[in-house]
Amino acid sequence: MKKMPNIDLILIFLIGVSYTALITFFSPVANNEYLDVIFLFLIFIASGYSLLAVLYPDKYINELLKKPVLLLMLSALLTMSVSVVLKYSPLLMQTNLLIVALSTISMILSLVAYHKRKSLLKPLKGKPISPVADKTPQERVMSYRQSLDKTTETIDQGRLKHVEKDPVKEKIEKKSAPPKKLSFTNNTPLDILVIIILSVLSLVTVSIPLLNNSIVKTILAGLFIFIIPGYLLMALLFPGKESLEVIERWGLSVIISLALTSVIGIILFYTPLGINLSSILRIIGILSIILSAVAYIRVIKVPPSQRFSFKS
């Protein structure tokens, strides 16, 4: 493993320090809308990149930039989180404070990422030299011939075992073997089954007045607004666990769920139902049942060992 330069983390740290110094010592200059927009964009990208570097300390800038969707998702997540905190804090929501807060978070994350990268390089410094490097050319040739002989012997043994099998006997064994039964535990995607149950429960909760004002509705609303629709769409588009990394799958699930909820809210605004939690939960519940049915058909075609699930 090559020693990775940390110019990307140093640059993020310098951007954060420069804006903090600018707002502290040159406040008249810093109160410029164009300057705020430039720094907000830079810090927005830098915050997501620094968090991505913490999550993947063994990757450098070329590999990290190949994950643009995950980078933007982390940037948006951090920005929204800081915005919500400032909104309900005594400081109130201001562009300068948002940039300073994101700058501070980016600097801390860049330091954490630098430390993690450095810790990965430490074991490699004391790694013993391979014994092959100490051998003479003649000894290397001999060891190569020995390994080649062992490989040839293994291949020959495998061929003999394959030839020894009687094809007629194999056909009889296959015909006489009992048919495999579909196991409910192994073949049924339990995550989709759980979501179907939750979808039905959400519709029941909205319909019954006693449950409509309970904490059950609040919990279900959180799941259906933030996670479930996006998770089902990801299961429909990428049923295999190797298609997306776990962080990317869950991150995209949250973003898609929020986007879908926003679209539903806009549509409901122009209908007689109006925007309220019950109507949103009812629409998303019905939509989730439809998505679950389509995702089930898609996922069931993938072998159980290759599927993504809650346990992955």
Same apolar cluster: Leu65 and Ile7, side chain cutoff 4.5 Å: yes
Closest heavy-atom pair and its distance - Val299, Pro239: CG2-CB, 4.0 Å
Hydrophobic cluster of Ile267, others only, ordered by chain and residue number, side-chain cut-off 4.5 Å: Val263
ILVMFWY cluster, Leu11 and Tyr56 together (side-chain gap under 4.5 Å): yes
Other ILVMFWY residues reachable from Val204 by side-chain steps of under 4.5 Å: Val200, Leu203, Ile208, Leu210, Leu211, Ile286, Ile289, Ile290
Hphob cluster co-occupancy, Leu277 + Ile264, side-chain heavy atoms under 4.5 angstrom: yes
Distance (rounded to the nearest 0.5 Å) between Ile99 CD1 and Leu22 CG: 10.0 Å
side-chain hydrogen bond (donor to acceptor under 3.5 Å, both in side chains) between Tyr19 and Asn96, intermediate numbers included: CA-CA 9 Å; Tyr19 186 82; Asn96 290 341; 3.0 Å; yes
Ser292 side-chain N/O to Ile192 backbone N/O, donor-acceptor pair under 3.5 Å: no
Under 3.5 Å: donor-acceptor pair, side chain of Lys116, backbone of Val54: yes
Expected output: side-chain Ser110 to main-chain Met107 donor-acceptor under 3.5 Å: yes
Gap separating the CG atom of Leu201 from the CD1 atom of Ile196, nearest 0.5 angstrom: 13.5 Å
Arg117 side-chain N/O to Ala53 backbone N/O, donor-acceptor pair under 3.5 Å: no
Cluster link Ile227 to Ile284, ILVMFWY, side chain under 4.5 Å: yes
Within-4.5 Å side-chain heavy-atom neighbours: Lys217 and Ser278: yes
Sidechain-backbone polar pair: Ser106 side chain, Leu102 backbone, donor-acceptor under 3.5 Å: yes
Non-neighbouring partners of Phe224 that pass ring pair (Phe, Tyr, Trp, His ring centres under 6.0 Å), sequence neighbours left out: none
Audit row: Leu268, Asn276, side-chain contact (heavy atoms from CB on, under 4.5 Å) steps and yes/no: CA-CA 9 Å; Leu268 288 173; Asn276 56 74; over 6 Å; no
Inter-residue atom distance Leu232.CG - Ser288.OG, 0.5 Å rounding: 5.5 Å
Pro209 side chain reached by Asn213 side chain, heavy atoms, under 4.5 Å: no
OH/Tyr114: more than 12 non-hydrogen atoms of other groups inside 6.0 Å: no
